[in-house]
*Asks:* 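Pasting a structure here, questions to come.
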Amino acid sequence: MRALDENETTAVFEKLFKFTGNNLKNIIEKPSHEGPDKTPGRYCFRLQKNRVYYVSEALVKRATNISREKLISLGTCIGKFTKGGKFHLTVQALNLLADNARHKVWLKPTSEMSFLYGNHVLKGGLGRITENTNTGDGVVVFSMSDVPLGFGVSAKSTQDCRKLDPNGIVVLHQSDIGEYLRMEDDL
């Protein structure tokens, strides 16, 4: 497990910024109350076998006793780098994104199941959407009872959604909590 280099850090922060905007500062400066120290520590990003982990510094210090080959996971896996060098967020980053999301979408109860099966969000299933969402912005998808279901990229702006037909795609699916069942071997 090692710290991210400059290019990797840039890729991770750009992807997180797409979903959180200026709230990225809250993720980076979040205090950690783990470990024996009375003063709160901080969280950091670490790389292990092409996967990026969000972990407290106190836990990283304690994990130095374990060799890299035997260490499987540490903290929360928020994404992974592809062989081409691109960074993809995984469903485990959902809680981190939901707490700090800039743009949000709420689904009607009838379309929640469709989204959890990996389908895009259609205008007919849209309950609410935050104002000033532009095309290509990262959005976090919630149920009407504010339970985070997944995240994706907006296909239409807030203004375009108002005049869109009910079968038009509003949010392009990227990840959802249904992946825990569909892809349990890969996670």
Side-chain angles (χ1 to χ4, degrees), residues 4 8-28 30 43 45 47 50-55 73 75-82 84-161 164 168-187:
L4 299 166
E8 293 165 343
T9 303
T10 303
V12 171
F13 283 177
E14 282 176 356
K15 186 65 83 164
L16 288 173
F17 185 80
K18 185 175 185 177
F19 288 91
T20 61
N22 293 332
N23 294 337
L24 178 60
K25 185 177 96 171
N26 297 342
I27 295 173
I28 297 168
K30 181 178 177 182
Y43 281 91
F45 296 96
L47 184 73
N50 288 335
R51 294 186 183 274
V52 177
Y53 293 90
Y54 182 67
V55 60
S73 176
T76 304
C77 178
I78 62 161
K80 60 184 176 179
F81 283 98
T82 62
K86 295 186 190 251
F87 180 71
H88 292 271
L89 288 170
T90 57
V91 68
Q92 291 97 332
L94 180 60
N95 288 335
L96 196 64
L97 295 177
D99 292 341
N100 300 291
R102 181 173 46 168
H103 302 292
K104 300 177 182 179
V105 167
W106 289 266
L107 296 182
K108 293 178 182 174
T110 54
S111 65
E112 287 178 15
M113 209 48 136
S114 175
F115 181 74
L116 294 178
Y117 285 139
N119 298 319
H120 302 306
V121 176
L122 302 178
K123 166 70 164 72
L126 190 64
R128 293 186 319 209
I129 186 169
T130 53
E131 289 296 319
N132 303 325
T133 302
N134 296 319
T135 304
D137 284 346
V139 294
V140 178
V141 179
F142 290 88
S143 68
M144 289 304 273
S145 56
D146 281 334
V147 175
L149 300 175
F151 54 89
V153 176
S154 62
K156 302 286 182 190
S157 68
T158 305
Q159 304 305 323
D160 294 340
C161 288
L164 194 64
I169 296 175
V170 176
V171 176
L172 300 171
H173 176 274
Q174 280 192 344
S175 185
D176 64 81
I177 56 176
E179 288 182 10
Y180 284 118
L181 298 174
R182 292 195 311 268
M183 304 167 77
E184 63 184 307
D185 293 337
D186 297 336
L187 297 176

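The chain is numbered in sequence order, starting from 1. Just so it is clear, the structure is predicted and the values come from calculations on it, not from any experiment.
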*Asks:* Tell me if a side-chain donor or acceptor on Thr158 pairs with a main-chain N or O of Thr133 at a distance below 3.5 Å.
*Replies:*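 Answer holds: yes.
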
*Asks:* Strictly distance-based, threshold 3.5 Å: is any side-chain N or O of His120 a donor or acceptor partner for the main-chain N or O of His173?
*Replies:* yes

*Asks:* Taking the side chain as everything from C-beta on, heavy atoms only, tell me whether Gln174 gets closer than 4.5 Å to Leu89.
*Replies:*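 Heavy-atom side-chain distance check fails, nothing below 4.5 Å.
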
*Asks:* With sequence neighbours excluded, tell me which residues meet ring pair (Phe, Tyr, Trp, His ring centres under 6.0 Å) with Tyr54.
*Replies:* Tyr43, Phe45

*Asks:* Just wondering, do Leu122 and Ile169 contact through their side chains at under 4.5 Å, heavy atoms?
*Replies:*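 The answer is yes, as the side chains (C-beta and beyond) meet within the 4.5 Å cut-off.
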
*Asks:* How long is the span from the CG atom in Leu94 to the CD1 atom in Ile78, to the nearest 0.5 Å?
*Replies:* 12.5 Å

*Asks:* Side-chain donor-acceptor pairs under 3.5 Å in residues 15-27, sequence neighbours left out?
*Replies:*
| unit_1 | atom_1 | unit_2 | atom_2 | d |
| --- | --- | --- | --- | --- |
| Thr20 | OG1 | Leu16 | O | 2.8 |
| Asn23 | ND2 | Asn100 | O | 3.1 |

*Asks:* Report yes or no: does Thr76 contribute a side-chain atom to a donor-acceptor pair with the main-chain N or O of Gln92 at less than 3.5 Å?
*Replies:* no

*Asks:* With a sphere of 6.0 Å drawn around CE of Met113, does it hold more than 12 non-hydrogen atoms of other residues, nucleotides or ligands?
*Replies:*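 It does not: Met113 CE has 12 such atoms or fewer within range.
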
*Asks:* For Val141 and Asp176, run side-chain contact (heavy atoms from CB on, under 4.5 Å): C-alpha distance rounded to whole Å, both residues' side-chain angles, the deciding distance at 0.1 Å, then the answer.
*Replies:* CA-CA 9 Å; Val141 179; Asp176 64 81; over 6 Å; no

*Asks:* Within this structure, what is the OG1-CZ distance for the pair Thr130 and Arg128, rounded to the nearest 0.5 Å?
*Replies:* 10.0 Å

*Asks:* Could you tell me the separation between the CG atom of Leu149 and the OG atom of Ser175, rounded to the nearest 0.5 Å?
*Replies:*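 Taking CG in Leu149 and OG in Ser175, the distance rounds to 11.5 Å.
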
*Asks:* If every non-hydrogen atom of Ser73 is compared with every non-hydrogen atom of Tyr53, which pair is closest and at what distance?
*Replies:*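 So the minimum-distance heavy-atom pair works out to OG-CE2, 3.3 Å.
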
*Asks:* Please assess Phe151 against Val171 for the test side-chain contact (heavy atoms from CB on, under 4.5 Å), listing each intermediate value before the final yes or no.
*Replies:* CA-CA 9 Å; Phe151 54 89; Val171 176; over 6 Å; no

*Asks:* Please confirm whether the backbone N or O of Asn134 pairs with a side-chain atom of Ser154, one donor and one acceptor, at under 3.5 Å?
*Replies:*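 Yes.
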
*Asks:* To the nearest 0.5 Å, how far apart are OH in Tyr117 and CD in Glu179?
*Replies:*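 That separation rounds to 14.5 Å.
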
*Asks:* Measure the CZ-NZ distance between Phe87 and Lys80 for me, rounded to the nearest 0.5 Å.
*Replies:*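 So the CZ of Phe87 and the NZ of Lys80 are separated by 10.5 Å.
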
*Asks:* So, Ser111 and Ser114: side-chain donor and acceptor under 3.5 Å apart, yes or no?
*Replies:*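 Judged by distance alone, the side chains do not pair up.
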
*Asks:* Do Leu107 and Val121 have side chains that approach each other closer than 4.5 Å (heavy atoms only, starting at C-beta)?
*Replies:* yes

*Asks:* If I take atom CD from residue Glu112 and atom CE from residue Met144, how far apart are they, to the nearest 0.5 angstrom?
*Replies:* 9.0 Å

*Asks:* For Val140 versus Ala101, what's the shortest heavy-atom pair and its separation?
*Replies:* CG2-CB, 3.6 Å

